[in-house]
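Reading through the structure tokens given below for one structure.
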Protein chains: 2
Amino acid sequence: MASDYHPEMRKIFTHFEQYIKLSEELRNELSARLELLTFKKGQMVHDANVVCTKSYFIQNGIFRTYFIKDGKEVTEFFSAEGEWVNSPRSFMQRKIDIYYIDAIEHTSTFCIQVNNLMYLFNHFPEMERYARLSMGTIFGHLLERITSMRFTTAKEKYEHFLQVYSDIHFRLPLGMIASYLGITQETLSRIRGER
Amino acid sequence: MASDYHPEMRKIFTHFEQYIKLSEELRNELSARLELLTFKKGQMVHDANVVCTKSYFIQNGIFRTYFIKDGKEVTEFFSAEGEWVNSPRSFMQRKIDIYYIDAIEHTSTFCIQVNNLMYLFNHFPEMERYARLSMGTIFGHLLERITSMRFTTAKEKYEHFLQVYSDIHFRLPLGMIASYLGITQETLSRIRGER
DNA sequence: GTGATTATTTGATGCAGATCAAAAATAATA
DNA sequence: TATTATTTTTGATCTGCATCAAATAATCAC
């Protein structure tokens, strides 16, 4: 019951338990393979020029995943507390991809190396299940994102964004939000200025 | 080596083997739980008003997943040979969702019931792995889709579409493509008409 | 095959939002 | 707290695409 794990691990264990039961053995393995890592505001987490071999579970703070288009930074995701962050295609397929990741504010994470994750997949089938189910959740988010990106006006896009990111939107710079939505800063500023 | 399974099952077995090894036992279970089903052109495959309890692996033909927005059909996906099709959130979370699915042309599929799939997940950990890995592939496609939907002009969107659907684009009606891209039929027609 | 539906093309017009430019506000740094 | 750098706001103009309308072409049903 009372655990001798790093007290910070409670959040991430709770996260896993949304999808699977954590055996004592798996808890131990996780605890041994997760490393507490913090990032300062503005610090780079992942560089697009290298293969992503780490995945970060955010304890608190915000990460931004972005890529460069025509010399400008384009936000692909914002990620906050309780989410795993990595460069998905790079991490999963061990190849270079377009995404950079940095910390929008001071952020503390648990980090796992891809080879450690593979070890867990190989020895704990429930980890495979966890991955399948949690990907299902994210999958749903991506679908909704795709739907919301078509047809809607800039204002509708922004309103949808406010719903999805209701708890962190006020911590995100306008310019990053605009590129996330695929509209210009000026347009977003005007939308906000209405009334 | 030589199998006594339905000869049509070769494609789907090959599909699984892109991700996992298929034991004889799992082959048998799959064979017992997959049902060959065909759909006529225009036939409805899934109705948004019910929970989606089946997933279809396309042998040949094309399905369209769409939803209704302001009284009009909006294409969310086209799916062709070698792909699983269902109403994702409905199928995974057993709830009603917005998607209808129909056959754009005569289509033959292998169909699995969700409860049969669950049985397989519970008895064959490699099926969990298969699901995780194959979802990773789809995940990558969704990411690319999201990226391509922002910033690009209607023409760029269409050109990207031609690449992604290079083998089936000519079998898809213009109007369905336009709604998939989030542009009007008229605009797509004009893009095609250039030169 | 022939009329009826449905899909695609073509034309004219209007507007949301991009682009360019520059001021104002906010934040970072010494 | 002054100085610089960055972010956000405001203004003026331009344009790609939506919208509305109607003709043409393709497909379907009998």
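Per chain, numbering begins at 1; letters A, B, ... match sequence-line order.
Rounded to whole angstrom, the span from the CZ atom of Arg190(A) across to the P atom of dG17(C) amounts to 11 Å. Across the protein-nucleic acid pair, Ile191(A) atom CD1 and dA16(C) atom P stand 12 Å apart, rounded to whole Å. Distance CG (Asp70(A)) to C1' (dT19(C)): 14 Å, rounded to an integer number of Å. Summarising the geometry, the separation between CZ on Arg192(A) and C1' on dG17(C) is reported as 17 Å, rounded to the nearest angstrom. Rounded to whole angstrom, the span from the CD atom of Glu105(A) across to the P atom of dA28(C) amounts to 12 Å. Distance NZ (Lys155(A)) to P (dA16(C)): 12 Å, rounded to an integer number of Å. We find that CD of Gln185(A) is positioned 14 Å from P of dC20(C), with the value rounded to whole Å. One can place CD of Glu186(A) at 13 Å from C1' of dA23(C), the figure rounded to the nearest angstrom.
Counted by atom type alone, Ser90(B) and Asp97(B) present zero donor-acceptor pairs between their side chains at under 3.5 Å. There is no side-chain donor-acceptor pair under 3.5 Å between Tyr66(A) and Ser179(A). Of the N and O atoms on the side chains of Arg192(A) and Tyr158(A), at least one donor lies less than 3.5 Å from an acceptor on the other residue. Judged purely by distance below 3.5 Å, without hydrogens or angles, the side chains of Asn122(A) and Arg129(B) pair a donor atom with an acceptor atom.
The nearest heavy atom of DNA chain D to Lys41(B) and to Thr187(A) marks one nucleotide each, and the one closer to the 5' end goes with Thr187(A).
When the side-chain nitrogen and oxygen atoms of Thr184(A) are compared with OP1 and OP2 of dG17(C), none of them lie within a distance under 4.0 Å. Proximity of Ser189(B) to the phosphate of dT9(C): a side-chain N or O atom is located under 4.0 Å from OP1 or OP2.
Mapping heavy-atom proximity under 4.0 Å, the span of DNA chain D touched by chain B runs 5' to 3' from dC17(D) to dC28(D).
Aromatic ring orientation, Tyr180(B) versus Phe78(B): tilted (interplanar angle from 30° to 60°). Ring orientation note: the planes of Phe39(B) and Tyr56(B) are nearly perpendicular, at an angle over 60° on the 30°/60° scale.
Using a 4.0 Å cut-off between charged side-chain N and carboxylate O, Glu81(A) and Lys11(A) make a salt bridge.
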